[in-house]
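Note that the coordinates shown come from a computational prediction; the quantities given were computed from them, not determined experimentally. A, B, ... follow the sequence lines: proteins, then strands. Residue 1 opens every chain.
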Amino acid sequence: MNNHPPYSRILPVCPGYGWSRREFLKSMVASAAMLPAVSPVLAAPRESPPVPPPRALSTIGLCKRYDYAEVRRVLSVMLEELGDVCALAKNHYVTVKLNLVNTSEEDLGGLPVWLTVTVHPHVAMALGSLLVDYGAKQVTFCDQLPFRELGAEAFRGYGYRIEEFSQAMDGKVRFVNTRNRGEYDSYALVKVPDGGEIASCWEVNQTYIKTDVLVSLGKLKSHVSAGITGGMKNLYGVPPSSLYGDDAGDEPNEDAMEYRSGTMHTCTKKPLTSVESFTGKTVENDHGFNVPRLIVDLNAAFPIQLVVIDGISSIQSAEGWWIGSLVSVCRPGVLIAGRNPVCTDAVATAVMGFDPDAPDRHPPFANGDNHLAMARRKGLGENRISALEIAGVGLEKARFEYVPTYQRVNPSS
Amino acid sequence: MTQETKNRPTVWRTSGGDNTRRGCYRGKAATAAQAGHPQSILRAQGGVRASVVFDARNTAYIADMAGSIQACGEEGGATWVTGLEGGIAASPVLSPDDAQLYAATVRGYLYALDASSGQTAWRVSIPSKTDPRILSDLLHLPRLNAIVLNSWGGNFYAIDAGNGQIISSWSAGITPYAAAAADPEEHVYCLRAVWEPAGIQFVRIDPVTGKEEVMHFESKKTRPPSRMTVAAAPVLDIERNVVYFITNLDKECLLFSYSLQSGAVLWNHPLSRYVQAIPCLRPDGSVVIADLHGEIQVFAPDGSRRFRCPTGTDYLEAGAVCDQSGWIYLGDPEGHVHALNPNGVDRVLFEAERAIEGRPSFDNRGYLFIPSMDSNIYIF
C-alpha cells in the first residue's frame with residue numbers, strides 16, 4: 001500500500017537514487033572497468049583533495065532543560081542564525097532521522113532513555129514545529145525500531161506521543177518505523193558515489209528517498225567504535241533490519257527487527273540486499289575499521305541538509321546502557337545545529353573537548369579511524385575546527401568536556 | 001579524641017574532607033553560604049568535576065577536565081598552573097604535610113606535584129591491557145604513605161606516595177568507578193561488582209599486603225551486575241563504628257548500614273533510583289543521599305527516614321556536604337546550588353551557567369567551594 005503523500009519533487013535528493021535493480025547492475029558492470037583494484041580513497045595517502053571540502057555555518061545554543069517552550073525558543077534562534085532553514089523547509093516534505101536505539105524498554109540507573117541515550121521528544125517536537133512554521137508540508141520522523149508496529153506506536157516507548165506532536169505541528173506529522181520496507185512494495189536502492197569505502201550501495205525503506213529534505217536529529221554522545229555520535233553516525237539506523245539485521249536469516253525477512261552487528265560492525269555477514277552491495281573491503285571483527293567507513297558511505301549516499309544535535313542531557317564514555325558501568329550521565333546543556341554534517345559533527349566533537357581532526361585510534365577516536373577526517377578527504381565537508389565558522393554562543397562558552405570513550409585493547413600491551 | 005580536637009575544622013585535603021569521605025565540615029558554614037550569591041568566583045581552564053581540595057594555609061587546588069591543575073591562594077589568584085596529560089575527573093589529594101599534591105587523569109596517569117610550585121615530582125601510568133583511566137577520587141594513607149586509587153584496568157592500587165611504586169593491588173571488579181574510603185587504622189573499604197557469583201562485594205583491604213576480607217555480598221536478582229552497580233564510595237562513621245554503602249542492583253538500589261563492631265548489616269533501605277553520588281553524614285549521624293531521581297533523602301542512624309526532598313531536577317550526580325549545624329549543600333546538573341536546612345527545607349541559592357557535577361568542599365574558614373562545568377568555582 002503506497003499511501004504516502006504526493007511529494008513536491010519525486011526526483012531524488014540522494015545522488016545515487018533512482019536506480020532500479022536492473023539499472024544498478026548495469027551501472028556496476030559499466031563502472032567496474034573504470035575502477036582500480038583498490039579504492040583510491042583507501043589506498044591514497046592522507047592528503048586533502050585539491051578542492052577545499054564544503055563548509056557551512058554551525059551554531060550552538062545553551063539550553064539546560066527539556067522544557068518544551070525553552071527548547072523551541074533556543075532552537076528557533078539557532079535555525080534563524082543558520083539563515084536558510086526556512087527556505088529549506090518551505091513547501092517541502094521533510095524527513096527527520098531520529099537517533100533512537102534498539103529498545104525503549106531499558107534505562108540507565110533508572111533514568112529514561114531520553115535523558116541519556118536517545119533524542120528527547122521535546123527536541124524533536126520543537127524542531128518539527130519550527131519546520132512546520134517555516135512552511136513544511138509534512139514532517140516525517142523515522143528510525144528503525146525493534147517493534148512490530150510500523151507507525152507512531154513504535155515510538156511511544158521513547159516518549160514520543162503522536163497526539164502531542166500533531167497538536168504542536170498542525171497535524172503535519174507522521175512517524176515511520178523503517179525496520180523493513182513498510183508501506184512500500186519495494187526498497188530504494190541508493191548508490192554510494194565513487195563506489196564507497198565498504199558499501200557500493202544501500203537498500204533502504206523509501207521514506208529516506210521520497211522526501212525533499214533529509215534532517216539528522218542526533219544525540220551528543222561518545223561512541224566506542226566511532227568516537228563520537230552526532231549527525232553523521234545517526235544514519236547508521238537507516239539500513240533496515242529486514243536486510244541487514246542479525247535475525248534476518250538467509251533471506252530478506254520483513255519480520256526482522258534486531259541489531260545489525262554481523263553486517264555493519266563485525267562485517268562477518270553480507271547484507272541480504274537484492275544486489276551485491278558491499279565491496280568486501282572490510283576487516284572482520286574490527287569495528288574501528290568498519291564502522292567509520294560505513295558512516296562515510298551512508299553520508300555520501302544520503303546527503304543530510306540539516307543536522308540538529310540534542311546535547312541537553314546525555315551520557316559519556318559510550319553510546320548506551322549496553323556498555324554497562326562504563327557510561328555515566330552528564331548534562332552538557334547544549335543544542336548544536338548546522339547545514340553540513342561533517343562541519344556540525346566537528347563542532348560537536350570540539351564542544352565535547354576533543355580535536356575533531358585527531359589521528360586515527362587516538363582519543364576521542366580511541367578504537368578506530370576518524371570518520372570526520374575520512375569524510376573530509378572524501379569531499380563531504382570540513383572537519384578542522386580552525387576552518388569552521390560557529391555562531392550562537394560560540395565554542396569556548398559551549399565547551400563541556402566529556403570523558404572520552406574507553407579504549408578496548410591497548411595496542412602496545 | 002578530645003572535644004576540642006573533635007570540633008576543630010579539619011583541612012579538606014581530599015574529597016569529602018578526610019578518608020572517611022563523610023563530607024561533614026566541623027564548623028559552621030560561612031554566612032555567605034546562605035546569603036544567595038557567591039562571594040567570589042575562581043576560574044579554571046576547563047569544566048570542573050573534581051572537588052576542590054585545600055592545604056592548611058587555605059590554598060585551593062583546582063583540577064579540571066581540560067587537564068589543568070592550579071593552586072589559588074586566599075586572595076584568589078593562581079600561584080601556579082600545570083597541565084597534565086588527560087582531563088581530571090577524580091578529585092586530587094594532598095599529603096598531610098601539604099608538600100605534595102597527587103592528581104590522576106582519564107589517560108591513566110598518576111602525578112605527584114610539588115604543591116608549592118606545581119612541578120612534577122614523578123608520574124606513573126597505571127598498568128592496563130585496556131583502558132587505564134582513573135575516575136575515582138584519590139585517597140592518601142599517611143602511615144603507609146600511599147595513594148589509593150582504581151582504574152578501568154580493573155584493579156585498585158596502593159601506590160607509594162614517595163616514588164610511585166606499586167605497594168599492593170586488588171581487584172576492583174567489573175565496575176572500577178567508585179572510590180575507596182579508609183579508617184584511621186588505614187584499613188581500606190571499597191565496593192566491587194563481580195560476575196561469579198553475580199553481585200556486589202563490600203570489601204575491607206589491608207593495603208600493605210593487599211589481603212582482603214569480603215564483609216558483605218549482595219547478590220543480583222534479575223539484571224546483570226554491569227550497570228553502574230558500584231558508583232559511590234563507602235562512607236565511614238567512625239564515631240558510631242558504622243559504614244554506609246550503596247549497591248545499585250536490579251531496578252532499585254539499596255542503602256546499607258553496616259556495623260564494623262559486629263560485622264553485620266544493621267539495616268538496609270531500598271531507594272527508588274540508582275545512586276551515583278557519595279553520601280554525606282550529618283553531625284547527628286544521619287546519612288544524606290542524593291539520587292538519580294533528583295531527590296535528597298536523609299536517614300537517621302537507626303534507619304528511619306528523616307525526610308525526602310525533591311530538588312526539581314531530573315537527577316543528581318554529585319554528592320552533598322554538610323556543616324556542623326546540619327545544613328546540607330549540593331549542586332545539580334541544571335547548575336542550581338541547593339541549601340537544605342536541618343529540617344529538609346530546600347532553598348536554591350544560586351544558578352550557575354552550566355551543570356554542577358562535582359561534590360562541594362569547605363575551606364578552613366567555612367567557605368563553600370562549588371565546582372561547575374562552566375569552568376568556574378563558585379565560593380559561598
Out of A/Gly333, A/Pro363, A/Pro332, return the one with the most heavy atom pairs under 4.5 angstrom to chain B.
A/Pro332
Partner chain A: residue of [options] with the largest heavy-atom pair count (under 4.5 Å):
options                              : value
B/Met373, B/Arg107, B/Arg354         : B/Arg354
B/Gly335, B/Ser375, B/Ala355         : B/Ala355
B/Arg49, B/Glu353, B/Met65, B/Arg133 : B/Arg133

So what's closer than 4.5 Å to chain A heavy atoms on [X]: side chain, backbone, both or neither?
X        : result
B/Ala318 : neither
B/Leu135 : side chain
B/Glu317 : side chain

Chain B contact via A/Ile312 - side chain, backbone, both or neither, heavy atoms under 4.5 Å:
neither
In terms of side-chain geometry, is the basic nitrogen of A/Lys64 or B/Glu351 positioned less than 4.0 Å from the acidic oxygen of its partner?
yes
Short N-O contact, A/Arg331 and B/Glu357, less than 4.0 angstrom
no
Would you please test A/Val329 and B/Tyr315 for side-chain contact (heavy atoms from CB on, under 4.5 Å) and show each step?
CA-CA 9 Å; A/Val329 65; B/Tyr315 47 83; 3.4 Å; yes
Got a second to check how far B/Arg273's CZ is from A/Asp107's CG, nearest 0.5 Å?
8.0 Å
Sort by residue number and list every member of residues 393-405 of chain A having a non-hydrogen atom under 4.5 Å from chain B.
A/Lys397, A/Ala398, A/Arg399, A/Phe400, A/Glu401, A/Tyr402, A/Val403, A/Pro404, A/Thr405
Distance-minimising heavy-atom pair for B/Asp314 and A/Leu115
OD2-CD2, 3.6 Å
Looking only at non-hydrogen atoms, find the nearest pair between A/Ser328 and B/Tyr177 and report the distance.
CB-OH, 4.0 Å
Do B/Trp152 and A/Ser317 come within less than 4.5 Å of each other through their side chains, counting heavy atoms only?
yes
Residue list, side chain to side chain donor-acceptor pair (under 3.5 Å) with B/Gln45, at least two apart or on another chain:
none
